[in-house]
Amino acid sequence: MERVNFQAIEKKWQVKFNSSKLHNKNGKKFYCLEMFPYPSGKIHMGHVRNYTIGDVVARYKYLNGFNVLHPMGWDSFGLPAENAARLNNLNPKTWTEENIKTMKEQLKMLGLSIDWSLEISTCNKDYYKHQQELFIDFYNQGLVSRKETYVNWDPVEKTVLANEQVINGKGWRSNAVVERKKLSQWFFNITKFSDQLLKDMESLEGWPEKVKLMQKNWIGKSFGCELDFKIQSLKKNLRIFTTRPDTIFGASFIAISTDHKICENFNEDPNFKKFQKECSKIGTTEEALANAEKLGFETKLFAEHPFLKNKKLPIYVANFVLMDYGNGAIFGCPAHDQRDFDFAKKYNLPITRVVEDKNNSEVGEKMKEAYTGTGKIVNSEFLNNLSVNEAINTIINKIEEKKIGERKTLFRLKDWGISRQRYWGCPIPMIYLEDGSVVPVDKSELPITLPEDVDLNSSGNPLENHPRWKKTIHKKTGKPAIRETDTLDTFVDSSWYFLRFCSPKNEKYPFESKETNYWMPVDQYIGGIEHAILHLLYSRFFMKAVKQTNNEIKCSEPFKNLFTQGMVCHETYKDLEGNWLDPLEVEKTSEKKAIKKSDKSKVTVGPSESMSKSKKNTVDPETMIKQYGADSVRWFMLSDSPPEKDVQWSDAGVVSSSKFLQKIWNLNQSVLDRNKTKIKEDEKIQKSFENKIDLSVYKIDSAINNFQFNVAIAQFYEIYRYFNDSMKLGINNSIFIKNITKIMKLMIPFTPHLAYECLTNLNCKEIDQWPKINEKIIENSEVKMVIQINGKTRDVLAIKRNLEKDDVTKLVKKSLKANKHIMNKKILRTIFVKNKIINYIVNN
RNA sequence: GCCCUCGUGGUGAAAUUGGUAGACACAAAGGACUUAAAAUCCUUGCCCUUUUGGGAGUGCCAGUUCGAGUCUGGCCGAGGGCACCA
């Protein structure tokens with residue numbers, strides 16, 4: 001057989017793919033989108049997986065008559081460009097544009113069905129000018145604010161990080177320990193949508209439960225009430241928030257945050273200063289914080305218990321009370337909160353049980369830990385004998401009646417800090433006037449572009465340091481003004497790019513309403529699970545904010561269906577000194593053993609982990625494509641594991657993929673060659689052959705629909721073997737032509753180059769049309785009836801569908817295998833499930 | 001600590017949702033073709049039996065059921081998310 005020249009075929013078809021669109025004018029719209037890449041230099045296997053999955057979906061939908069939008073762009077602002085530029089002494093723009101060029105070529109090598117005429121790049125002023133306009137719109141709608149807050153300061157990157165960019169107290173990129181610093185920052189008021197972001201998730205049926213749960217926890221809604229405590233000596237009220245007002249009679253102290261306003265009273269107190277210092281010494285990692293010892297500073301102030309006349313509660317400043325949640329103050333009920341319990345133990349505060357525990361009757365200081373379960377309320381005057389929930393309601397009513405507080409719902413979600421003290425980002429279109437006021441620039445002045453002559457080598461914010469850039473004139477008054485020198489968090493760029501794709505060339509507006517309303521929401525969004533919270537939450541916020549700003553836009557949730565794919569993993573290798581080795585430097589001698597190619601020294605084979613540069617366990621997609629062809633790489637990517645799970649890259653796997661594609665090619669050739677020989681036809685065989693193919697077509701189609709690409713591929717292997725074996729049977733060759741055409745069409749989403757080439761050779765007229773799925777094939781096909789005796793399978797009979805119990809039993813009597821187990825025995829009972837199973841219960 | 005998900009051969013995994021466990025693939029062993037190699041193809045895969053057969057078996061223990069990988073309860077293990085959120 002002729003060996004296929006995958007490279008030649010691929011090159012030929014890519015010319016077509018690169019200029020084609022998946023448009024079916026009369027079809028229903030389908031917006032297929034994969035998360036766009038950061039142009040870091042070269043594509044990696046993670047991209048290959050992501051975009052292959054997306055391509056299968058896009059092509060599948062197109063072949064099924066949908067009008068498909070399948071765009072691609074570049075998330076091209078961000079710090080790596082700045083760092084690389086500094087290192088190579090060039091402009092971030094140059095670096096970025098070169099990377100985009102390289103990566104675009106690499107993506108094209110994969111044979112993706114992307115409509116490149118829609119390409120966008122977020123660092124392009126044609127894109128970010130609209131982003132600045134959106135910022136001003138949001139500002140005018142009250143969705144932007146400027147706040148003085150403690151921020152996470154990354155001392156290495158010299159920038160502010162959002163909470164979610166701090167991982168275990170360290171910067172997500174620099175890994176430097178994050179410091180606390182008070183700065184004036186821009187915020188998107190995402191908390192204005194807390195409730196809506198939470199509620200609308202119910203409508204997201206096409207999202208993985210896991211992602212929804214993560215967002216739900218992140219938003220963190222909790223019910224409770226606020227409550228005032230009188231501080232007689234200060235003649236002031238102290239307001240606290242609690243979710244457990246039912247435990248108010250168990251309160252034994254009040255604790256406030258070190259940043260609470262009341263603490264200003266102790267600014268002169270050296271002991272307080274000392275305490276503050278001690279608190280700040282505790283590590284900043286979250287784990288350290290969580291495990292840190294509870295520390296308190298006794299203020300000597302007392303608050304009055306709102307329901308017990310003579311009870312006075314001591315007020316402590318405590319290190320475990322957060323200023324930015326609730327009011328930065330709590331009441332402590334040691335018996336029913338573990339933190340309060342630990343604190344009470346340390347400072348010898350009374351412990352009063354107010355909720356009964358069925359399994360533990362210990363009370364007061366004898367309790368070994370806090371009881372947080374439900375039960376009957378005790379020691380609580382008018383709350384006694386109520387359940388926890390009843391008590392919460394009763395006490396809140398009482399609090400509201402007495403006008404000392406009210407019902408309150410609190411969210412854990414915080415506003416989104418978007419200021420970054422960096423150069424390579426979208427400039428914030430705000431200016432500072434001489435009178436101290438801050439106003440947006442006039443829209444006619446957009447875009448506010450980045451200067452190209454910038455010094456990236458001195459520390460701090462490059463825009464701030466630029467000699468002229470920040471000096472401007474306020475258009476309305478003609479007075480001098482200073483530009484905001486912070487740039488936007490790059491998460492802003494990726495929060496609306498999916499909207500821009502609907503009308504990427506429009507110069508006047510961020511997006512045209514008509515186009516946007518037609519294409520949005522994204523019907524299938526595909527990307528990594530690492531964006532489960534940030535990117536997806538921000539995008540959802542943007543959609544809602546856009547809808548509020550622009551009443552022509554109808555969509556309120558950007559992504560109808562979400563699919564999160566797993567990572568690509570590879571074995572790790574270490575040499576004798578413990579240095580990581582690239583797979584290219586290693587020669588495998590057996591499954592678990594390997595040697596170094598250069599000096600034949602022993603190599604330790606480590607577990608398979610997600611590919612990363614630091615572990616050197618990466619495999620370069622371009623090399624693989626050049627060696628085995630894009631179709632083989634795509635095929636392998638989808639064949640081994642379900643797409644939502646991690647996949648192990650293996651060279652052996654991709655080799656076998658390419659061998660299989662060769663076999664498919666050979667099969668095509670054989671079918672074409674077979675015409676020359678005369679065949680004696682057998683109608684029965686022909687019919688059963690066609691049935692079997694139709695059944696496979698059906699199975700592959702439903703597997704694709706369910707994102708079970710690995711199952712679909714297993715079907716291809718099976719059907720190939722069956723097809724190949726059938727070649728010697730009495731089947732008319734026109735039937736083979738017809739059916740291999742079906743199979744090759746099914747392969748288009750997976751291996752488009754090979755499939756199109758074969759279909760062209762088969763002289764197929766309507767290539768871009770999915771084979772008709774015979775929904776009745778299941779009904780028409782035979783079923784395998786399982787014959788059990790006492791629950792043990794004794795035989796499997798292939799029989800006609802829908803046979804009744806008695807007919808089946810007749811057949812069973814004829815089957816020697818099964819019948820010998822029931823012969824001469826009394827059948828006590830028969831369980832019969834049509835088309836599935838018959839189970840005889842016999843007496844032994 | 002709290003919440004979630006998942007445990008199936010040497011490996012990646014299937015299993016029409018309660019009905020043949022291990023499809024399909026990788027790796028391994030054996031064989032066929034070949035002077036040889038490559039390529040290709042076939043067979044095997046736990047235990048007992050020479051075979052026909054029979055038995056065990058989806059992390060562990062119990063339960064529901066004619067029947068459990070699938071449902072319920074408990075335990076063990078792995079992964080992920082949140083983390084002093086009052």
Side-chain angles (χ1 to χ4, degrees), chain A residues 1 3 168 208-218 220-222 224 240-245 247 255 257 282 285-292 294 318-322 324-333 336-340 342-343 372 410-414 529 532-533 569 590-592 608 636 639-642 645-648 650-657 659-660 662-663 666 699 702-703 708 710-721 778 783-796 817 828-833 835-841:
Chain A
M1 269 299 170
R3 295 207 59 78
N168 287 331
E209 287 304 317
K210 188 169 113 177
V211 174
K212 284 194 274 186
L213 191 74
M214 276 160 79
Q215 293 216 354
K216 194 180 160 199
N217 290 339
W218 189 263
K221 186 177 190 174
S222 44
I240 62 97
F241 172 77
T242 178
T243 54
R244 293 295 304 273
T247 63
S257 157
I282 299 170
T285 73
E286 275 151 9
E287 208 182 341
L289 275 173
N291 299 330
K294 307 275 177 285
N319 64 344
F320 66 94
V321 181
L322 305 171
D324 56 2
Y325 185 77
N327 304 298
I330 60 153
F331 79 76
C333 175
H336 304 290
D337 182 292
Q338 193 55 40
R339 289 157 303 178
D340 299 347
D342 296 341
F343 193 78
T372 52
L410 228 52
F411 293 90
R412 210 188 67 104
L413 183 69
K414 301 201 169 56
I529 184 76
I533 298 172
C569 300
S590 74
E591 204 180 336
K592 286 271 143 66
S608 189
F636 171 71
S639 67
D640 245 23
S641 299
K645 283 229 236 167
D646 287 355
V647 66
Q648 321 263 347
S650 96
D651 287 0
V654 76
V655 169
S656 94
S657 294
K659 282 181 187 167
F660 178 72
Q662 170 75 53
K663 287 199 244 172
N666 294 348
K699 283 185 184 169
S702 38
Q708 290 184 293
N710 55 328
V711 179
I713 284 179
Q715 265 306 306
F716 279 115
Y717 279 101
E718 229 172 294
I719 202 63
Y720 160 78
R721 194 186 289 176
I778 293 282
V783 290
K784 285 175 177 176
M785 176 64 65
V786 176
I787 317 299
Q788 294 189 338
I789 286 98
N790 286 347
K792 279 204 195 305
T793 303
R794 296 301 176 180
D795 201 3
V796 180
K817 254 178 163 179
L828 302 173
R829 198 179 152 193
T830 312
I831 293 105
F832 176 74
V833 181
N835 298 330
K836 277 191 175 156
I837 199 163
I838 189 155
N839 186 7
Y840 302 97
I841 309 302

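Labels below follow one simple rule: chain letters A, B, ... track the order of the sequence lines, proteins then strands, and each chain is numbered from 1. Model, not experiment: these values are computed from the prediction.
The pairing partner recorded for B:rG73 is B:rC61, the criterion being a Watson-Crick or G-U wobble arrangement whose two distances lie under 3.5 angstrom. Across all strands shown, the partner of B:rG1 is B:rC82, judged by Watson-Crick or G-U wobble contacts whose two distances both fall under 3.5 Å.
By the side chain to side chain contact (heavy atoms under 4.5 Å, CB included) test, A:Ala703 pairs with A:Gln708, A:Val711, A:Ala712, sequence neighbours left out. In this view, A:Ser257 and A:Asp259, A:Val321, A:Met323 satisfy the side chain to side chain contact (heavy atoms under 4.5 Å, CB included) rule, not counting sequence neighbours. Contacts of A:Tyr840 classified as ring-ring contact (aromatic ring centres under 6.0 Å, His included), with partners at least two apart in sequence or in another chain: none.
For B:rC42 and B:rU8, the P atoms lie 29 Å apart once the distance is rounded to whole Å.
Here A:Gln708 reaches the OP1 or OP2 of B:rA15: one of its side-chain N or O atoms lies under 4.0 Å away. For A:Arg412 and B:rA86, the shortest distance from a side-chain N or O to OP1 or OP2 is not below 4.0 Å. For B:rA25, neither phosphate oxygen OP1 nor OP2 lies less than 4.0 angstrom from any side-chain nitrogen or oxygen of A:Ser656. A sub-4.0 Å separation between OP1 or OP2 of B:rA86 and a side-chain N or O of A:Tyr325 is present. OP1 or OP2 of B:rA86 lies within a sub-4.0 Å distance of a side-chain N or O belonging to A:Ser222.
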Within the sub-3.5 Å range, which N or O atoms of nucleotides 37-44 of chain B have a protein N or O partner, and how far apart are they?
| residue | atom | partner | partner atom | Å |
| --- | --- | --- | --- | --- |
| B:rC41 | OP1 | A:Lys663 | NZ | 3.0 |

Just the table, please: protein N/O against nucleotides 6-11 of chain B N/O, every pair under 3.5 Å.
none

What's touching nucleotides 63-66 of chain B from the protein side, N or O pairs under 3.5 Å?
| residue | atom | partner | partner atom | Å |
| --- | --- | --- | --- | --- |
| B:rC66 | OP1 | A:Arg829 | NH1 | 3.2 |
| B:rC66 | O2 | A:Asn839 | ND2 | 2.5 |

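Nearest nucleotide to the side chain of A:Phe320, out of B:rC84, B:rU20, B:rC24: B:rC84.
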